[in-house]
Structure formats: C-alpha cells, structure tokens
Protein chains: 2
Amino acid sequence: MNIEEALRARGIPLTHQRLAIYERLKKSKEHPSAEDIYRALKPRYPSLSLATVYKTLQTLEKLGLISLVNRPHAQARYDAITERHHHAICERCGRIDDLFDPRLDELPLPKGAGGFVVTGHSVHFRGLCKGCAGAKERRKR
Amino acid sequence: MNIEEALRARGIPLTHQRLAIYERLKKSKEHPSAEDIYRALKPRYPSLSLATVYKTLQTLEKLGLISLVNRPHAQARYDAITERHHHAICERCGRIDDLFDPRLDELPLPKGAGGFVVTGHSVHFRGLCKGCAGAKERRKR
DNA sequence: ATTCTTGCAAACGGTTTGCACATAC
DNA sequence: GTATGTGCAAACCGTTTGCAAGAAT
C-alpha cells in the first residue's frame with residue numbers, strides 16, 4: 001500500500017506537501033530532522049513552511065506510515081546508576097524502570113553496520129508498566 | 001567511592017547544592033527530570049535555582065557519577081521504515097545507521113520488570129561510524 | 001585571596017499553536 | 001460548498017548562558 005492509498009483509505013486529503021514530505025523521507029537514509037526535510041524541499045516548494053513539515057510528520061506518524069527514531073520534546077531524565085543496565089519505558093505514563101539482565105548485556109555485534117565501532121549498547125523495551133497495564137485490565141471488565 | 005571523595009579527588013568544590021542534588025537522585029528510582037529534582041529540593045533549599053540543578057547534573061554526568069536516560073537537546077529524527085529494526089548511533093557526528101538483524105529481534109523478555117507488559121523493543125548501539133572511526137585512526141598515525 | 005559556583009533573568013532552539021487564507025474533495 | 005490543510009508569526013517549554021554576588025578551598 002503506497003501513501004496515496006493509505007491516506008485515501010482514511011479519508012485524509014492528499015496534498016502536494018504531504019506527498020513531497022513522505023517521498024523525501026522515504027528516499028533518505030540519514031534519518032533527517034524536520035528542518036532537514038524542510039531545507040531539502042524549500043527550493044522546489046518555495047511556499048512550504050516548517051510548521052507544515054512538523055504537522056505532516058505528526059500526521060504520518062499517527063497513521064503508522066513513518067516512525068520516530070528519538071522522541072522529541074521530552075525532557076532529560078537522569079539516573080544515579082552508571083553501571084550497564086537497560087530500560088522498560090511505559091508508553092502511557094512515561095515511567096521508566098531499570099532492567100538488570102546479563103543476557104541483554106552480551107548481544108551479538110550487529111551485522112551490516114559496515115565499519116561501525118561499537119563501544120556500548122542499551123536495550124529499550126516499550127509497553128505498559130504494571131500500574132498502567134492493571135488500569136487497562138480493570139477498564140475492560 | 002562516595003560523591004564527596006569523587007569530587008575532592010578532582011578538585012571540584014563540594015557545595016550543599018551538589019550534594020543535595022546527587023543524594024536526591026540516588027534516592028529516587030523514577031529517573032527524575034531536572035525539574036522534578038528542583039521541586040523536590042526547593043522546600044528545603046528555598047534559594048535553589050533550576051539553572052543550578054541543570055549545571056550540577058551536567059557536571060556530575062561529565063564526572064561519570066550519574067547518567068542520562070534519554071539524550072536531551074536533540075531534535076526529532078524521522079524514519080520512513082516502520083518495520084522492526086535497530087540503530088547504530090555515532091557519538092561523534094550523530095549519524096544514525098539502520099540495523100537489520102534477526103538475532104536482535106528475539107531478545108529474552110527481561111527479568112525483574114515485574115508486571116511490565118512488553119509490546120516492543122529496540123537496541124541502540126553507541127560508538128563511532130565508519131567515517132568517524134576512520135578519521136580517528138588516521139589522526140593516530 | 002582566589003577560584004569556582006550560585007541565582008537570576010534573559011536568550012536560545014526546537015516544536016506547537018491560533019488564525020486567516022487556500023486547497024482537496 | 002464544506003471540511004481540512006497550509007503558512008505565517010507568535011507562543012511555548014526545556015535548557016543554556018552571561019553576569020554579579022556568594023561560597024569553598
């Protein structure tokens with residue numbers, strides 16, 4: 001399913017901007033920022049505004065057509081633990097739990113990262129924390 | 001080595017603020033933000049300013065006494081790939097490479113995350129990208 | 001006494017929002 | 001024709017910075 005169908009299927013108007021922004025993102029492998037995309041498209045679409053790029057990216061993400069590499073606008077969170085460990089992040093309330101699990105500390109070096117020198121890694125689990133999972137369960141009944 | 005020794009060892013003055021901020025962070029398991037810490041300490045240290053909390057957290061991080069859960073200050077980066085994959089992030093130039101490796105897709109569910117319902121995960125490798133690793137190597141010679 | 005830190009307020013940078021005009025359907 | 005998107009500028013929010021006053025050594 002291409003983007004035109006995906007948008008039509010949801011009754012979302014297909015505009016030149018949306019198409020251009022999506023195509024641009026699809027073509028680039030550098031995980032561009034909103035501003036990168038804006039700068040790349042500006043010459044061909046002189047009236048394009050940065051706000052539109054942001055709004056469009058948000059729309060596409062909600063539709064599941066694109067994804068975010070790193071959550072924006074989040075505030076920095078700190079941790080007194082400096083030893084190697086991993087995190088479970090609740091998608092509902094933002095709670096972050098620490099995970100200590102030696103099996104996660106010894107991951108295979110990734111294939112296909114041609115020439116990348118790894119100095120460390122961390123695993124992020126997404127999902128619902130105990131409290132939020134419980135709340136959801138209770139609402140069902 | 002406690003924080004007082006760690007700071008003294010580096011000739012960094014030990015202030016009430018630094019001590020209070022570090023102790024507060026050590027006590028809390030919720031990975032607080034700078035503002036969380038600020039609010040928690042304000043009643044006992046009425047003259048404390050948010051800027052000091054930020055500066056102190058930065059200092060402690062540089063010394064390796066604390067760590068950041070999520071990088072702040074970064075702009076959102078987008079990806080047209082929505083299938084499961086992982087990332088290699090260059091600590092020098094910020095470049096992000098995609099990694100596809102089925103061995104990373106099937107991680108053991110973490111132990112000790114009591115009640116956390118996992119819906120997905122991703123692995124972040126840190127290190128130097130091909131270009132930056134090469135540049136470093138060349139500088140050595 | 002000297003050096004480094006603190007606190008304040010202003011600046012900053014990325015992102016969001018309100019609103020009038022334009023466009024898709 | 002109606003609903004929705006776009007573009008602009010202003011607002012926003014977390015974070016940083018410049019600087020005068022204060023504290024640690």
Side-chain angles (χ1 to χ4, degrees), chain A residues 3-22 24-25 31-63 65-66 68-78 94 96, chain B residues 3-22 24-25 31-63 65-66 68-78 94 96:
Chain A
I3 183 168
E4 314 191 14
E5 290 164 7
L7 291 177
R8 284 226 172 81
R10 288 158 166 106
I12 309 255
L14 178 66
T15 63
H16 298 129
Q17 290 90 334
R18 293 218 250 251
L19 201 56
I21 290 167
Y22 179 77
R24 174 74 207 178
L25 183 55
H31 307 82
S33 65
E35 198 148 356
D36 292 336
I37 295 172
Y38 172 70
R39 275 200 306 269
L41 295 178
K42 191 72 177 170
R44 246 210 293 174
Y45 302 84
S47 79
L48 182 67
S49 90
L50 184 53
T52 296
V53 177
Y54 275 109
K55 285 173 189 165
T56 299
L57 290 169
Q58 244 173 243
T59 303
L60 296 176
E61 204 242 334
K62 267 183 211 138
L63 297 177
L65 296 170
I66 65 169
L68 278 94
V69 175
N70 61 337
R71 286 282 139 198
H73 209 258
Q75 52 186 20
R77 307 270 300 255
Y78 300 85
I96 300 171
Chain B
I3 185 170
E4 315 190 15
E5 289 165 8
L7 292 178
R8 285 226 171 80
R10 288 158 167 106
I12 308 252
L14 177 66
T15 63
H16 298 129
Q17 290 90 331
R18 291 217 250 252
L19 200 57
I21 290 166
Y22 178 76
R24 175 73 207 179
L25 183 56
H31 307 80
S33 66
E35 197 147 357
D36 291 336
I37 296 172
Y38 172 71
R39 274 200 306 269
L41 295 178
K42 191 75 178 167
R44 248 213 287 179
Y45 302 83
S47 80
L48 182 68
S49 92
L50 184 54
T52 296
V53 176
Y54 276 108
K55 286 173 190 165
T56 299
L57 290 169
Q58 242 172 245
T59 303
L60 296 175
E61 204 242 333
K62 266 184 213 136
L63 297 176
L65 296 170
I66 66 170
L68 277 94
V69 175
N70 60 336
R71 285 282 140 197
H73 202 259
Q75 52 186 20
R77 307 272 297 257
Y78 300 85
I96 301 171

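All chains are named by letter (A, B, ...) in the order of the sequence lines, taking the proteins before the strands, and each is independently numbered beginning at 1. Values below: every heavy atom of this structure, side chains too, minus hydrogens, waters and symmetry copies.
- Between L48(B) atom CG and dC8(C) atom C1' there is a gap of 12 Å when expressed in whole angstrom units.
- Side-chain contact between L63(A) and L7(A): present, with at least one pair of heavy atoms (C-beta onward) separated by less than 4.5 Å.
- Judged by closest nucleotide on DNA chain D, A34(B) is the one of A34(B) and R8(B) placed further toward the 5' end.
- Regarding L57(B), its CG atom lies at a distance of 14 Å from the C1' atom of dT6(C), rounded to whole Å.
- Which of dG5(D), dT5(C), dG7(D) sits closest to the side chain of I12(B) comes down to dT5(C).
- A donor N or O paired with an acceptor N or O is not found under 3.5 Å between the base of dG7(C) and the side-chain atoms of K42(B).
- One finds a side-chain N or O of S47(B) lying less than 4.0 angstrom from the OP1 or OP2 phosphate oxygen of dG7(C).
- Remark: Q17(B) is not in phosphate contact with dT5(C), judged by side-chain N or O atoms under 4.0 Å from OP1 or OP2.
- Distances from the side chain of A51(A) to the nucleotides dC8(D), dC4(C), dT17(D) place dC8(D) closest.
- Taken to the nearest 0.5 Å, the OG1 atom of T56(A) stands 9.5 Å off from the CD1 atom of I37(A).
- Checked against dT17(C), dG14(C), dG7(C), the side chain of E35(A) finds its nearest nucleotide in dG14(C).
- Considering only side-chain N and O atoms, H16(B) lies under 4.0 angstrom from the phosphate OP1 or OP2 of dA24(D).
- In this structure, L63(B) atom CG and dT5(C) atom P are separated by 10 Å, rounded to whole Å.
- Regarding L7(A), its CG atom lies at a distance of 15 Å from the C1' atom of dT23(C), rounded to whole Å.
- Here the straight-line distance linking atom OH of Y38(A) with atom CG of L48(A) works out to 6.5 Å at 0.5 Å rounding.
- Atom CZ of residue R18(A) and atom CD of residue E4(A) lie 13.0 Å apart, to the nearest 0.5 angstrom.
- For the pair L50(A) and P46(B), nearest-nucleotide mapping onto DNA chain C gives the more 5' position to P46(B).
- The nearest whole Å value for the distance from the NZ atom in K62(B) to the C1' atom in dC4(C) is 14 Å.
- One can place CG of L19(B) at 11 Å from P of dA24(D), the figure rounded to the nearest angstrom.
- Looking at S33(A) and Q75(B), their side chains do bring a donor and an acceptor atom within 3.5 Å of each other.
- To the nearest angstrom, P of dG7(D) lies 8 Å from CD1 of I21(A).
- For Q75(A) and dC13(D), the shortest distance from a side-chain N or O to OP1 or OP2 is not below 4.0 Å.
- Between Y38(A) atom OH and dT16(C) atom C1' there is a gap of 16 Å when expressed in whole angstrom units.
- If you check every strand for non-hydrogen atoms under 4.0 Å, T15(B) touches sugar and phosphate atoms only.
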